[in-house]
Amino acid sequence: MPAERSQPERESPRENLGARRLGRAGFLAVFGAGVATLFYGKAISRVTRNVTNPLSDATGLTRLIPSSGWRIYTVADSMPAFDQTTWRLEITGLVRRPISLSYQQLRALPRAEQVSTFHCVTGWVVPNVHWAGVRFHDLLAPAGLLPQASALHFISAEKPYDDYLDLRQVALRDVMLAYEMDGKPLRREHGAPVRVVIPEMYGYKNVKWVERIDAIPHSGTGYWEQRGYDNDAWVGRSNGY
Amino acid sequence: MATNPDAPAPTVYVRRFTLTERLLHWTHATAFFVLLGSGLVLYLPSLSIAVGRRPLIKDIHFWTGISWAGAIVLISAVGNRRALAATIREIDLFDRDDRSFLAGNSRAPQARFNAGQKINAILTAAFAALFLVSGLLLWYGEQDTTYRLSGTVYLHDTLMYLSIVIVAGHLYLSLIHPTTRHALRGITLGTVRADWAKQHHAKWKPAAEPEDVYPPVRRYLTRT
């Protein structure tokens, strides 16, 4: 590239009068503040939320931006659609009696409710989500697990998503197959009609659009775990929350 | 042919940006809008639902970011480094007139860049670096928990909101505002009208361009 003339001649007496290298200082200050945000973002966001939340409420942005915290992550080209008349939940594998539940049959099982915090592995958190659904003990009782079963394989209608939980994990007291969120039937983007809720683990273990639960002898490697995520996705063991 | 005394004087142009600077600007601008568009699809629930194809959009966002960073480094390395260094030096220095300009005195004489343009350039550079760092952490932190920092998502989002405000102001000044929009010619073709430069950048003393044509073409035309 030819050297082109672009430099101003520095001959005017006014030029650079009282000049200070503020540009580099400004760059470093902004960059430094940004890097600090990486580590103290949670504390800073608690302060800025007081300003930004009323602002987005007033401008109607709340309906558009994920201000309530939820972001919608999917792996397939489109989300599964839920049809109440044809939908079935299959419970198969190491069970005495494989069963196929309709939506009404699922809703007729004992109902459990809980308020828990949802943690995504990428760092966002939704506090105080109100869930309603079925505990796995009640869900699996009609099928009857065989003694050889030690884990459950959750197969999503969103192909090829799947994940695994072992029986001790699904027996935790705040684990459920949820069909309601915040008082309303689960919305399509949240996994309608049913999703796994295991608040102690990151979101990718909370399989959405569950269509089959397979009882198996040993836990396996789920969709994201095959892509490098932790198999034991306990919240807080790794990201300091 | 006789000279017509009523004919307007030929417009004189002066060079404001080298090809290197223009390539950097348009590479950055293009990448910004591709990253913003794909990023919003990943970020806004309503757009995520409407568009779907998340793995594809994620790949577009990631690889645009990588290509953008690579292109910026490449252009800076093989381009006109001397001109670039001079530009950086000019942006770095804020003299008394610059500070007066920022204090609201728009008549304070300005050099090739006015103080507002310098601040825009500094913020753009700092934001670009932070976007890259937080973006790589978002990507890598999903796989290695050591790099999963609590503020990464917040930083990446906040940079996006602030960038939209800055870019909106930049677009207004470069496309709409009557006294500044001539600058668009400078970042596109490299040259600006000498009278405009004198009026808005009084302390800038550029050499007049003999002809407003691309240098290799000019050399070809003037060869003997």
Side-chain angles (χ1 to χ4, degrees), chain A residues 1-9 11-12 14-24 26-31 34-42 44-45 48 63-66 70-79 121-124 188-189 224 227-230 237-241, chain B residues 15-21 43-46 48-49 52-56 78-80 82-83 86-87 90-97 109 111-112 118-119 122-123 125-127 129-130 133-134 137-138 141-143 145-146 148-155 158-159 203-207 215:
Chain A
M1 221 170 280
E4 293 163 85
R5 267 189 302 246
S6 68
Q7 284 170 261
E9 294 158 27
E11 56 191 11
S12 157
R14 279 184 74 97
E15 179 82 20
N16 292 341
L17 192 65
R20 283 195 222 139
R21 303 189 63 174
L22 296 177
R24 193 171 61 171
F27 174 88
L28 291 174
V30 174
F31 187 76
V35 171
T37 304
L38 288 172
F39 297 95
Y40 303 105
K42 210 145 266 158
I44 298 167
S45 72
T48 55
R63 273 172 287 122
L64 194 65
I65 61 174
W70 289 106
R71 284 145 208 241
I72 304 304
Y73 292 171
T74 53
V75 301
D77 283 350
S78 63
M79 289 179 202
V121 70
T122 60
W124 53 267
R188 187 181 182 189
E189 65 268 29
W224 283 116
R227 287 156 182 80
Y229 288 29
D230 289 347
R237 298 281 163 87
S238 44
N239 78 339
Y241 191 88
Chain B
R15 179 154 298 276
R16 193 173 188 216
F17 291 114
T18 62
L19 183 60
T20 303
E21 291 157 315
Y43 172 69
L44 296 177
S46 51
S48 304
I49 295 162
R53 297 176 190 281
R54 188 175 185 87
L56 173 70
V78 304
N80 188 339
R82 198 170 5 162
T87 299
E90 287 173 47
I91 290 169
D92 188 13
L93 289 176
F94 284 72
D95 65 13
R96 208 158 67 181
D97 289 326
R112 179 159 68 117
K118 290 180 185 178
I119 288 180
I122 292 158
L123 286 179
F127 280 24
L130 288 169
V133 170
S134 56
L137 283 171
L138 280 180
E142 286 184 16
Q143 290 158 55
T145 54
T146 320
R148 202 178 293 150
L149 308 174
S150 70
T152 314
V153 172
Y154 176 72
L155 175 61
T158 306
L159 288 171
K203 288 200 293 179
W204 177 34
K205 304 281 189 297

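Reminder, nothing fancy here: chain letters follow the sequence lines and each chain counts from 1.
Two residues are said to be in side-chain contact when any heavy atoms from C-beta on lie closer than 4.5 Å; B/Ile122 and A/Arg24 fail this criterion. Put simply, the side chain of B/Leu93 reaches to within 4.5 Å of the side chain of A/Arg21, judged on heavy atoms. The side-chain heavy atoms of B/Leu130 and A/Leu38, taken from C-beta on, include no pair separated by under 4.5 Å. At least one side-chain heavy atom of A/Met79 sits under 4.5 Å from a side-chain heavy atom of B/Ile49.
Under a 3.5 Å cut-off, the side chain of A/Asp77 and the backbone N or O of B/Arg53 do not form any donor-acceptor pair. B/Asp92 contributes a side-chain N or O that, together with a main-chain N or O of A/Gly23, makes up a donor-acceptor pair within less than 3.5 Å.
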Would A/Thr37 and B/Thr158 count as a side-chain contact (heavy atoms from CB on, under 4.5 Å) if you check the C-alpha gap in whole Å, the side-chain angles of each, and the deciding distance to 0.1 Å? CA-CA 10 Å; A/Thr37 304; B/Thr158 306; 5.9 Å; no
The test is side-chain contact (heavy atoms from CB on, under 4.5 Å); show your working for A/Arg71 and B/Val153 and say whether it passes. CA-CA 11 Å; A/Arg71 284 145 208 241; B/Val153 172; 3.2 Å; yes
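Scanning all heavy atoms of the two residues, the minimum distance from B/Pro45 to A/Trp70 falls at CG-O, 3.9 Å. Taking all atoms of both residues into account, the shortest heavy-atom contact from A/Phe31 to B/Ala129 is CE1-CB, 3.6 Å.
Proximity to chain B (any heavy atom under 4.5 Å) is shown, for A/Arg188, by neither the backbone nor the side chain. B/Leu159 does not touch chain A: none of its heavy atoms, backbone or side chain, sits under 4.5 Å away. Within the 4.5 angstrom heavy-atom criterion, only side-chain atoms of B/Leu137, from C-beta onward, approach chain A.
Here A/Glu189 contributes atom CD and B/Ser46 contributes atom OG; the two are 9.5 Å apart, rounded to the nearest 0.5 Å. Here A/Trp124 contributes atom CH2 and B/Thr152 contributes atom OG1; the two are 15.0 Å apart, rounded to the nearest 0.5 Å.
Between chain A and the residues B/Ser48, B/Gly52, B/Pro55, the largest count of heavy-atom pairs under 4.5 Å involves B/Pro55.
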